[in-house]
**Student:** 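Take a look at the following structure, please.
The chains referred to below are lettered A, B, ... by the order of the sequence lines, with proteins before strands, and numbering in each begins at 1. This is a predicted model, so every value here is computed, not measured.
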2 protein chains.
Amino acid sequence: MSSDSDLTARARIRDAAIALFTERGIAGATIRDIAQAAGVSSGLLRHHFGSKEGLRDACDEFALARIAQVQTRFVGSQMLGPIPPDVLPLQQYLVRALMDGSPRSTEMFRRAVDQGEHLLGDLKVETGDLRAFVAVVGAMKMGMFLMRDQLSAVLGEDVGVPPGYLRILRASIEIFRQPLLTPEQADQAMRALDRISLHEGERP
Amino acid sequence: MSSDSDLTARARIRDAAIALFTERGIAGATIRDIAQAAGVSSGLLRHHFGSKEGLRDACDEFALARIAQVQTRFVGSQMLGPIPPDVLPLQQYLVRALMDGSPRSTEMFRRAVDQGEHLLGDLKVETGDLRAFVAVVGAMKMGMFLMRDQLSAVLGEDVGVPPGYLRILRASIEIFRQPLLTPEQADQAMRALDRISLHEGERP
DNA sequence: ATGGGGGCTACACGTGCGTGTAGTAGCCTA
DNA sequence: TAGGCTACTACACGCACGTGTAGCCCCCAT
């Protein structure tokens, strides 16, 4: 907050937009509020980005570029080192933008699934539908971000910033470290789904 | 669709509202659109529900009651029998309403976490933070619903209705049946998080 | 010094929103 | 048959939104 005034107005607008888009969704954040948060007139926003859609596009592009930048830095060493603190809000923004139907991030999600499909193809996951497997894992991870407010309410601290954020990250690691269903439970559930499929098929 | 006209106008408004709220979010769906979808004037909507917030409340109440009804029917037999086809849209609505900050469903989420905490307390999950564990699992499941459009785009079929819906359900069972991280990977990730926590602590 | 262009503001425009008001048709009760 | 209540419609109000326009200031190249 202290060095906000050091940034160019364009950057301040972009940062404010990312924050408000994340917090209220694309439709929920207004141009006027973003301009006020950035300390500029709403006209300037239009001057720099043309329209709300243009601003959103610029935010998408910025976030994707920044994340790609830190991503590739650690592409060799499996687990990444200290994550720069500025990327967390960007991740949260991208997830929210994705859910709100940004074309750019939809494309990004598709690429991530494609990539994950190839990556996991070599590993030993047991699945009859690798693409759905990868896509659903992605959707689940994003659920953590999308339910930020509710998780924060239930856990008693803001899970969008480090102390609480680390807490849910730890929980997610614990979740993925162990099977949550026994083979018997899983088989039973699968059979229940098969039964539904059959009933679906015989109806029309 | 055929028997829509058999329902009372009030019920048709409620159903249309649930559909549009789910599809576009609470803020994104307008009273006028809902009224048109229900085939009534927007004034009638106001007459029956008082305000948009009142309509939303009625939708929450209806969905929660209906789901509680089928939930308790199968409380004894672990895995439930055939799920009535009308509850799937209601689940999707509740998740969306929850993310959009409905007070009623926030309370429901809290209760679900409380209950899950007690339920899993007896089971043998390995976690140092049971409440976060339960809450994050819940958030992850909801991610599947929230990312409906993106999952549908990536998988090439609508995952909000049975053929595609069963596909992602199967995937989620596969995901929870097996560990996705080896103990070594999990420990490594945990240590990485610990390191971040320490760095957080020394900064201020 | 001067002219021009980019950063920036102020303000007006049209639209669609949730809401408010007035009034009508039809049924049930007395 | 008169009265009133409920379901329902038409329409206007005020507001906030995204957008459009006109113009100011200041820096910098000529």
**Student:** In whole Å, what is the span from the CG atom of A:L44 to the C1' atom of D:dT19?
**Tutor:**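 In whole Å, D:dT19 C1' and A:L44 CG are 15 Å from each other.
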**Student:** Within this structure, what is the CD1-to-P distance between B:I31 and C:dT15, rounded to whole angstrom?
**Tutor:**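 Spelled out: CD1 on B:I31 to P on C:dT15 is 21 Å.
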**Student:** Closest to the A:V40 side chain: D:dC17, C:dT19, C:dT9?
**Tutor:**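 Per side-chain heavy atoms of A:V40, the pick is C:dT9.
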**Student:** With heavy atoms under 4.0 Å as the rule, sort A:S42 into base, sugar-phosphate or nothing.
**Tutor:**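 A:S42: no heavy atom of the nucleic acid under 4.0 Å.
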**Student:** Would you say B:M99 and B:M142 make side-chain contact, with heavy atoms under 4.5 Å?
**Tutor:**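 No, too far: nothing below the 4.5 Å cut-off.
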**Student:** Would a distance-only check, ignoring hydrogens and angles, find a side-chain to backbone donor-acceptor pair under 3.5 Å from A:Q178 to B:E126?
**Tutor:**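 Pair found, side chain donor or acceptor close to backbone of B:E126.
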**Student:** Rounded to the nearest 0.5 Å, what separation is found between the NE2 atom of B:H47 and the CG atom of B:L45?
**Tutor:**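 If I round to the nearest 0.5 Å, the distance is 11.0 Å.
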**Student:** How many whole angstroms separate atom NE2 of A:H48 from atom P of C:dT9?
**Tutor:**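 In whole Å, C:dT9 P lies 9 Å from A:H48 NE2.
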**Student:** In whole Å, I'd like the distance from the NE2 atom of A:H47 to the P atom of C:dC8.
**Tutor:**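 Checked: the NE2 to P distance equals 7 Å.
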**Student:** Please report the distance, rounded to the nearest Å, between CD1 in A:I26 and P in D:dC17.
**Tutor:**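 After rounding, the gap between these two atoms is 16 Å.
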**Student:** Please state whether the base of C:dG18 and the side chain of B:R32 form at least one donor-acceptor pair under 3.5 Å?
**Tutor:**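 By the distance-only test, yes, there is a pair.
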**Student:** Restricting both atoms to N or O, compile the protein contacts to nucleotides 22-26 of chain D shorter than 3.5 Å, with distance only.
**Tutor:**
none

**Student:** Which distance, rounded to the nearest 0.5 Å, do you find between the OH of B:Y165 and the CD of B:Q92?
**Tutor:**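 So the gap between those two atoms works out to 7.0 Å.
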**Student:** Taking the nucleotide of DNA chain D with the closest heavy atom to each, which residue, A:G43 or A:T30, is nearer the 5' end?
**Tutor:**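 With A:G43 and A:T30 compared, the 5'-side residue is A:T30.
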**Student:** What is the distance, rounded to the nearest whole Å, between atom NZ of B:K52 and atom P of C:dT19?
**Tutor:**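 Atom NZ in B:K52 sits about 8 Å away from atom P in C:dT19.
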**Student:** What integer distance in Å separates B:R24:CZ from C:dG16:P?
**Tutor:**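 Spelled out: CZ on B:R24 to P on C:dG16 is 14 Å.
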**Student:** Between atom CG of B:L44 and atom CZ of B:F49, what is the distance when rounded to the nearest 0.5 Å?
**Tutor:**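 If we round to the nearest 0.5 Å, B:L44:CG and B:F49:CZ are 8.5 Å apart.
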**Student:** Looking at A:R170 and B:D194, is any side-chain nitrogen of the basic one under 4.0 Å from a carboxylate oxygen of the acidic one?
**Tutor:**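 Counted as a salt bridge, because a side-chain N and a carboxylate O are separated by less than 4.0 Å.
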**Student:** How would you label the contact of B:A29 with the nucleic acid (heavy atoms, under 4.0 Å): base, sugar-phosphate, or nothing?
**Tutor:**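 Sugar-phosphate, no base atom in range.
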**Student:** What is the separation between atom CG on B:L7 and atom C1' on D:dA7, rounded to the nearest whole Å?
**Tutor:**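 Whole-Å distance recorded here is 16 Å.
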**Student:** Using a heavy-atom cut-off of under 4.0 Å over every strand shown, decide if B:S41 touches base, sugar-phosphate, or nothing.
**Tutor:**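 If one applies the 4.0 Å heavy-atom cut-off, B:S41 turns out to touch a base.
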**Student:** Any salt bridge between A:D33 and A:R24, counting N to O under 4.0 Å?
**Tutor:**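 Salt bridge present between A:D33 and A:R24.
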